Chemist: 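Let me begin by handing over the structure; questions about it come next.
A note on names: the letters A, B, ... follow the listed sequences, proteins ahead of strands, and every chain is numbered from 1. Predicted model only: the values in this text are computed from it and were never measured.
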Amino acid sequence: MSVDPGNDEVRDAFRQAYQIVTDQIPASTVEWPLLPTVGLFDRPPEHRRRGVTVAVSLLLLGAAFFGGRYFAGESEVAATGLLAAQDEESAEARAVQDGIGYPSPSEGAIAAALAFEPGLVDPSVARAVVIFADETTVDLRVEVRADEFCHWFGVVGRVEAGVLVWRGGPVLGCAG
Amino acid sequence: MRDEEIYRKHREDLVRYAAVLVGPADADDVVSAVVLRTLARRRLSDLDDARPYLFRAVLNEARSRLSRRRDPPHVAEIGVIDSDPRFEVLDAVLELPTQQRAATYLVYWADLSISEAAMLMGIRPGTVKRYLFLARRSLKGALHER
């Protein structure tokens, strides 16, 4: 026989439900969600994002380098290629995916190689979002289309001196 | 206080908050995205009060992400199977609109006052009360059916 639950029972049910959810939060290996603190937190206040067009070099990522490994927390990866970023108001870089492969959420590895060339645009498979840019560095998030289960799977990186570096930045996981 | 210290001070609370909004697997990412975006514009230490700013930003980010997803967080993501007696309640809670989950989490789990919850959500206390009422009504239905 069911009983109309009172407010105390409802409140307890909420507390129990949220305890269950918060108990499932995975332990994070990322203490600070960003990249090495070189420059980022020491920036003088006047280094703000400005409308800049930044052309940087990115290395082609080899699928073999990543194959089968969880990316988050791995050692740094240097990558170069060409990334043409728009200004901060339209901060999506143009990119093309070279067809080597796609991230596999189930394997937790980023298998795709990213090749960026200005003028070759395929935003449906790869995109880079500029988060911050100044004269010497570009912070960006690179996302690659995965499979039907997980549409975008990405990492946070920074370009320094023309080299794209990922250093344990969070794997963004699945997003719609 | 330096930005990193501010982050460390609030991170755990923010991740828990994000977890009930978007699910535990994506919580870290939501918080990271919020902090990244904030730091792109200003220092955390420049904010008069970082805590409500960050909580509001997490809620906005969560709502933005959920609007792009086909489905809200599901009980299966939490690892509770349907034979578990907690399944129906958890399912009902996760089905609540994001704002109602936010309000009930802050008041019923985090034990904040209505005013404190309103500040963190960036809404009026009366609106928090309404969310709580609606959420309680929804969950009562789920409990009643057990």
Chemist: What residue, out of B:L132, B:V20, B:V15, B:L90, has the most heavy-atom pairs lying under 4.5 Å from chain A?
Modeler: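 The answer is B:V20.
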Chemist: Please examine the side chains of A:F14 and B:V89, heavy atoms only from C-beta on, and report whether any two atoms are closer than 4.5 Å.
Modeler: no
Chemist: Can you find a heavy atom in the side chain of A:Y18 that is under 4.5 Å from one in the side chain of B:T104?
Modeler: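 Yes. Closest side-chain heavy atoms under 4.5 Å.
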Chemist: Same cluster or not: are A:I20 and B:Y108 linked, directly or through other Ile, Leu, Val, Met, Phe, Trp or Tyr residues, by side-chain heavy atoms under 4.5 angstrom apart?
Modeler: yes
Chemist: If you count heavy atoms of other groups shown closer than 6.0 angstrom to CZ of B:R51, is the number above 12?
Modeler: yes
Chemist: Calculate, to the nearest 0.5 Å, the distance between atoms CD and CZ belonging to A:Q19 and B:R16 respectively.
Modeler: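 It comes to 9.0 Å.
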Chemist: According to a 4.5 Å side-chain heavy-atom criterion applied to Ile, Leu, Val, Met, Phe, Trp and Tyr, with indirect links allowed, do B:L54 and B:I123 form part of one hydrophobic cluster?
Modeler: yes
Chemist: Does one hydrophobic cluster hold both B:L134 and B:W109, with members joined at side-chain heavy-atom distances below 4.5 Å?
Modeler: no
Chemist: Any side-chain heavy-atom pair from A:R15 and B:D111 closer than 4.5 angstrom?
Modeler: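 A:R15 vs B:D111: side chains touch.
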Chemist: Flag yes if B:L44 and B:Y53 sit in one hydrophobic cluster, no otherwise; membership is Ile, Leu, Val, Met, Phe, Trp, Tyr, and two members link when side-chain heavy atoms are under 4.5 Å apart.
Modeler: yes
Chemist: Taking every heavy-atom pair that is under 4.5 Å apart, which of B:A135, B:A27, B:A110 has the most such pairs with chain A?
Modeler: B:A135
Chemist: Below 4.5 Å, heavy atoms only, C-beta onward: do B:P24 and A:T22 meet side chain to side chain?
Modeler: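 No, side chains not in contact.
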Chemist: side-chain hydrogen bond (donor to acceptor under 3.5 Å, both in side chains): which pairs involve residues 115-128 of chain B, sequence neighbours left out?
Modeler: B:S113-B:E116
Chemist: To the closest 0.5 Å, what do you measure between CZ (A:R11) and CG (B:L139)?
Modeler: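 CG of B:L139 is found 13.0 Å from CZ of A:R11.
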